[in-house]
**Student:** 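I'd like to ask you about the structure that follows.
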Amino acid sequence: MRLATWNVNSIRARVDRIVDFAVREHIDVLAMQEIKCKTDQFPFDRFEEAGFHVAAYGFSQWNGVAIASREPLTNVRTAFPGMPGFEKGHNGPDAPQEARAMGATVGGVEVWSLYVPNGRSLGDPHYYYKLDWLSALQQYTTESLAANPDLALALVGDFNIAPTDADNGDPAVVPGFSTHVSPPEREAFAAFETAGLQDVVRPLIPTGYTYWDYKRLKFPRNEGMRIDFILGSHALADAVTGATIHRDERKGELPSDHVPVVVDLDLEGPDDDDRPMIF
DNA sequence: ATGTCAGAGTTCCTCTGA
C-alpha cells in the first residue's frame, strides 16, 4: 500500500494537480487536509473517474478533511473520541467540533487524516485549543493501542508543529514568540511516541521541509518547515519499505503551500516469507 | 512591507484565516 498525506489548501482550487499526482504516483490512500469546502462541494466525480473512493467532511470555507482510496473505506468517522471544539475565540466543552479529523479503515490500516489547529499565537485561545486537541488525540491513541497493541494505526496530516529546530527554516518563526516551535507544542508532539507511535518518514528522510509560506519568496529561499507527518504504530512502522517528500509539488502553477508526504507499506508481512513455495 | 493565497460577504473590495 502506498499511503500519502497532503494539506491541499482548497480541493476545488487545484483538483487537477491533486488527482494527477495521485494517479501518476500510484497512490492507494490519499489523506487530505484543508479541503476548504462543504462536503457537498467536494469534487467527488473527479476522484471517482480516476478510480478512487472518497470520504470527505467539511461544513464551511475553513478546515475540512478527506480520504481518497483505491479500495473502499470502512468505519468512516468525522471526529475522534473526546475531540474538543472551538467557537468565537474560545474553546470549551460546549464548543462545536470542527472538520479537522477523519478516520477510516482501509486495507487493514486505521488511517486518520488530521488537520491540527494552527494556534494563531502564543496565549491565544486557539493555542490552548491546539494543545487540548492534541492531548485528546494522544489519549485516544493510547487507549486504542492498549486495547489492541498490534493495531496498524496511522496518524497522518498537518500537525502544525516543527518538532525540532532543524524542522524550522523560516526566520519569521522565532522560538519564544511563535507557535509551531513552543515547548508545549513540541511536548504534545513527542507524547505520541509515548503513546506508541513513531514518525515513519524521518528515519528514511532525515531532513527537509513539507511546507513553505506563500509570502516573501519562502520557497525559492527554502525557508520552510517540516510540519506534515506520518506517525505509525509498531505494526505499521514494521511494514514501511520507503518514503518520499514530493518537494516538486510546491512548484508550478497554483501549488498548495504544503507538499505530499508518502510512505510505502508492505502489509503482507513476514508470513509471506514463511509460506512454502509450490512449483 | 504581513511582500501570498483562498473563500465568502460587507461583492469587482474588504475581511478572515493561515
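Chain letters run A, B, ... following the sequence lines, proteins first, then strands; residues in each count from 1. Predicted model, so just to flag it, every value in this text is computed and none were measured.
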**Student:** With respect to the side chain of A:Ala13, which nucleotide from B:dA6, B:dA8, B:dA18 is positioned closest?
**Tutor:** B:dA6

**Student:** In whole angstroms, how far is the P atom of B:dA6 from the CD1 atom of A:Ile35?
**Tutor:** 16 Å

**Student:** Counting only side-chain nitrogens and oxygens, does A:Arg14 get under 4.0 Å of the OP1 or OP2 atom of B:dA6?
**Tutor:** yes

**Student:** What integer distance in Å separates A:Phe42:CZ from B:dG7:P?
**Tutor:** 13 Å

**Student:** Going by atom types only, do A:Asn118 and A:Lys130 share a side-chain donor-acceptor pair under 3.5 Å?
**Tutor:** no

**Student:** Is any side-chain nitrogen or oxygen of A:Arg12 closer than 4.0 Å to OP1 or OP2 of B:dC5?
**Tutor:** no

**Student:** Roughly, in whole Å, what's the span from CG in A:Asn63 to P in B:dG17?
**Tutor:** 10 Å

**Student:** I want to confirm an ordering. Mapping A:Gln61 and A:Asn160 to their closest nucleotides on DNA chain B, which one lands closer to the 5' end?
**Tutor:** A:Gln61

**Student:** Starting from C1' on B:dA18, measure out to CD1 on A:Ile161 and report it in whole angstrom.
**Tutor:** 16 Å

**Student:** Can you measure A:Arg120 atom CZ to B:dT16 atom C1' for me and round it to whole angstrom units?
**Tutor:** 9 Å

**Student:** Looking only at side-chain N and O atoms, does A:Asn222 offer a donor or acceptor that is under 3.5 Å from a partner on A:Trp212?
**Tutor:** yes

**Student:** Rounding to an integer number of angstrom, what distance separates B:dC13 and B:dA1 when you compare their P atoms?
**Tutor:** 27 Å

**Student:** In whole Å, I'd like the distance from the NE2 atom of A:His180 to the P atom of B:dA18.
**Tutor:** 9 Å

**Student:** What about the rings of A:Trp133 and A:Phe80, do their centers lie closer together than 6.0 Å?
**Tutor:** yes

**Student:** Assign each of A:Pro255 and A:His258 to its nearest nucleotide of DNA chain B by heavy atoms, then name whichever residue's nucleotide is nearer the 5' end.
**Tutor:** A:Pro255

**Student:** Counting heavy atoms from C-beta on, name the nucleotide in B:dA6, B:dA8, B:dT16 closest to the side chain of A:Trp62.
**Tutor:** B:dT16

**Student:** Expressed as a whole number of Å, how far does the P atom of B:dT16 sit from that of B:dT10?
**Tutor:** 12 Å

**Student:** Please report the distance, rounded to the nearest Å, between CG in A:Asn9 and C1' in B:dT16.
**Tutor:** 14 Å

**Student:** Assign A:Arg250 to base, sugar-phosphate, or nothing according to its heavy-atom contacts below 4.0 angstrom with the strands shown.
**Tutor:** nothing

**Student:** Please give me every residue in residues 209-219 of chain A whose heavy atoms get under 4.0 Å of an atom in DNA chain B, ordered by residue number.
**Tutor:** A:Tyr214, A:Lys215, A:Arg216

**Student:** Would you say A:Ser10 places a side-chain N or O within less than 4.0 Å of OP1 or OP2 belonging to B:dG7?
**Tutor:** yes

**Student:** Pick one: which of A:Phe159, A:Tyr211, A:Tyr115 meets ring pair (Phe, Tyr, Trp, His ring centres under 6.0 Å) with A:His258?
**Tutor:** A:Tyr211

**Student:** Less than 4.0 angstrom from a charged side-chain N to a carboxylate O is my criterion; do A:Arg186 and A:Asp165 meet it?
**Tutor:** yes

**Student:** Aromatic contact between A:Phe21 and A:Trp6, with the criterion being ring centroids under 6.0 Å apart: yes or no?
**Tutor:** yes

**Student:** Whole angstrom is fine here: how far is it from NZ in A:Lys38 over to P in B:dA8?
**Tutor:** 7 Å

**Student:** Would A:Arg202 and A:Asp167 pass as an ion pair if we require N to O under 4.0 Å?
**Tutor:** yes

